[in-house]
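Here the structure comes first, spelled out in structure tokens, and everything after it is commentary.
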Amino acid sequence: MTLNNAVRALAGTMVLVSVALVYFVSPWFLLFTIFIGLNLIQSAFTGFCPPEFLFRKMGLK
């Protein structure tokens with residue numbers, strides 16, 4: 001798996017988890033979904049994505 005694919009898979013998983021938390025736990029978890037969306041937008045403009053550092057240390061190329 002490439003670095004880009006891993007970041008996309010993580011983002012998609014986090015969105016699905018946050019939607020499940022909204023449905024089953026509390027609507028306040030929409031803040032988590034908003035945070036994920038804002039992080040995706042800022043990484044598109046700045047190129048800075050925190051999970052990339054983690055995945056690089058794990059050995060993804």
Side-chain angles (χ1 to χ4, degrees):
M1 180 177 281
T2 65
L3 184 62
N4 287 337
N5 290 343
V7 170
R8 289 179 187 160
L10 177 67
T13 302
M14 290 290 102
V15 169
L16 291 176
V17 166
S18 67
V19 169
L21 288 170
V22 167
Y23 184 76
F24 291 111
V25 180
S26 170
W28 283 100
F29 279 103
L30 280 174
L31 295 174
F32 184 48
T33 309
I34 292 168
F35 172 75
I36 296 166
L38 290 174
N39 192 19
L40 288 169
I41 291 169
Q42 75 82 23
S43 70
F45 286 106
T46 64
F48 174 72
C49 184
E52 282 186 20
F53 296 115
L54 176 67
F55 289 142
R56 283 188 185 142
K57 288 185 179 184
M58 292 172 53
L60 289 176
K61 297 178 181 180

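- Once rounded to the nearest 0.5 Å, the distance linking OG1 of Thr2 with CZ of Phe55 reads 10.5 Å.
- When each of Leu21, Val17, Val19 is checked for a side-chain contact (heavy atoms from CB on, under 4.5 Å) with Phe29, only Leu21 meets the rule.
- To the nearest 0.5 Å, atom CG of residue Leu3 and atom SG of residue Cys49 are 8.0 Å apart.
- In terms of heavy atoms, Val22 sits closest to Leu30 at CG2-N, 3.4 Å.
- Residues Ile36 and Ala11 share a closest heavy-atom pair of CG2-O, 4.4 Å.
- Taking each heavy atom of Phe48 and Ser43 in turn, the nearest pair found is O-CB, 3.3 Å.
- The distance from atom CG of Leu38 to atom OG1 of Thr33, rounded to the nearest 0.5 Å, is 11.0 Å.
- Leu10 and Ile34 fall into different hydrophobic clusters, where Ile, Leu, Val, Met, Phe, Trp and Tyr residues are linked whenever their side-chain heavy atoms come under 4.5 Å apart, directly or through other members.
- Hydrophobic clustering keeps Val15 apart from Trp28 (ILVMFWY residues linked when any side-chain heavy atoms are closer than 4.5 Å, directly or through intermediates).
- Summarising the geometry of Met1 relative to Leu60, their closest heavy-atom pair is O-CD2, 3.3 Å, with the distance given to 0.1 Å.
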